[in-house]
Amino acid sequence: MTYDRLVCANCAAPVSQGRCPVCRANRERLQQESPFAGLNPMALIALLVVLVAALTVIAKAA
């Protein structure tokens, strides 16, 4: 899950803005959870399409 849509219960602002200490701590935690946590969903879809295309090219070459 990306943190750009999460809302902080402490300050009612988006977590991605990091307005309060709770937001900043959660933003840092979410960024460290996964190497893909910082990517938006469209970037992940594009990465998946490139991976499928590469696998298709390799399968046809074999």
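The closest donor-acceptor contact from the side chain of Arg19 to the backbone of Cys11 lies at 3.5 Å or more, if one exists at all.
Closest approach of Val15 to Cys23, counting heavy atoms only: CG1-O, 3.7 Å. Heavy-atom minimum distance, Cys20 versus Asn10: SG-ND2, 3.5 Å.
Partner of Val52 under the side chain to side chain contact (heavy atoms under 4.5 Å, CB included) criterion, chosen from Thr56, Val50, Val49: Thr56.
Taking the side chain as every heavy atom from C-beta outward, Pro14 and Cys8 never approach each other to under 4.5 Å.
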